[in-house]
Number of protein chains: 2
Amino acid sequence: MENTIKVERAILNLTQDDLAKKIGVSRQTINSIEANRYVPSTVLALKLSALFGKPVNDFFKLTKDD
Amino acid sequence: MENTIKVERAILNLTQDDLAKKIGVSRQTINSIEANRYVPSTVLALKLSALFGKPVNDFFKLTKDD
DNA sequence: TTTAAATGTAAAGTATATTTGACATATAGG
DNA sequence: CCTATATGTCAAATATACTTTACATTTAAA
């Protein structure tokens, strides 16, 4: 899976820590997701969706290895 | 979080086991998600999205407790 | 009513998400 | 050059997703 959270975050001009606080996770969680170190839960994806004002499918995509 | 996977599954006329095999998880995983016993990963949500031909936000929604 | 398929659920084990704390590096401004 | 802020990453601990096995219940069809 790949994501464009870094881009969405830039559009809203938020730091990783800002975003983490807004959706209620740790800064490392955001950093790890951006770095594709692990796959977030669907609740987390929906919270990002609400914050970004875009559907989950817009910033999370499946890749060959999924 | 709540979901309408049971409905989407009915539209495609698939059993829990059918759906499980199509997206590569166990039948109990599908059953547990439908019963809201746990929150699936975003990869699983995207696989359902591809199979259902609908965005994740169509069949997964945040609830007050999220 | 009996049988087979579908569903609900539980327990134990494994894999992985997420947290906390910590430290190192990068970067921009004074 | 300092200093503050942002980012990358790691290790240990905890929470939770997911699997397998197993069994009980429901449901539809013969």
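In what follows, chains are A, B, ... by sequence order, proteins preceding strands, each numbered from 1.
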Give the rounded distance in Å between these two atoms: CZ of Phe60(A) and P of dA17(C).
12 Å

Heteroatom pairs (N/O) under 3.5 angstrom, protein to nucleotides 5-7 of chain C:
| unit_1 | atom_1 | unit_2 | atom_2 | d |
| --- | --- | --- | --- | --- |
| dT7(C) | OP1 | Arg9(B) | NH1 | 3.0 |
| dT7(C) | OP2 | Gln16(B) | N | 2.8 |

Measure the distance from CD on Gln28(B) to C1' on dG8(C) and round it to the nearest whole Å.
10 Å

Using 4.0 Å as the upper bound for N to carboxylate O, is an ion pair formed by Asp18(B) and Lys22(B)?
no

For atom CG of Asn3(B) and atom P of dA17(D), their distance in whole Å:
13 Å

Return the value, rounded to whole Å, for the distance between atom CG of Leu44(B) and atom P of dT16(D).
18 Å

State, to 0.1 Å, how close Ser32(B) and Tyr38(B) come at their nearest heavy-atom pair, and which atoms those are.
CB-CE2, 3.5 Å

With the 4.5 Å side-chain cut-off for hydrophobic clustering, are Ile5(B) and Val7(B) part of the same group?
no

Could you tell me whether Ser26(B) contacts a base, only the sugar-phosphate backbone, or nothing, with contacts defined as non-hydrogen atoms closer than 4.0 Å?
base

Regarding Thr63(A) and Asp65(A), is there a side-chain donor-to-acceptor distance under 3.5 Å anywhere?
yes

Looking at dG8(D), does its base get a donor-acceptor pair with the side chain of Glu34(A) below 3.5 Å?
no

Students often get this wrong, so: under 4.0 angstrom with heavy atoms, is Ser41(A) touching a base, only sugar-phosphate, or nothing?
sugar-phosphate

Whole angstroms only, please: what is the CD1-C1' distance between Ile33(A) and dT7(D)?
15 Å

What pair of heavy atoms forms the shortest contact from Asn31(B) to Gln16(B), and how long is it?
ND2-OE1, 3.0 Å

Between dA10(C) (C1') and Arg37(B) (CZ): distance, integer Å:
9 Å

Check the distance between dA17(D)'s C1' and Met1(A)'s CE and give it to me in whole angstrom.
14 Å

Roughly, in whole Å, what's the span from CG in Asn36(B) to C1' in dT9(C)?
15 Å

Is the number of heavy atoms from other residues, nucleotides or ligands within 6.0 Å of NZ (Lys47(B)) greater than 12?
yes

Using modelled atom types and a 3.5 Å cut-off, is there a donor and acceptor pairing between side-chain atoms of Thr42(B) and backbone atoms of Pro40(A)?
yes

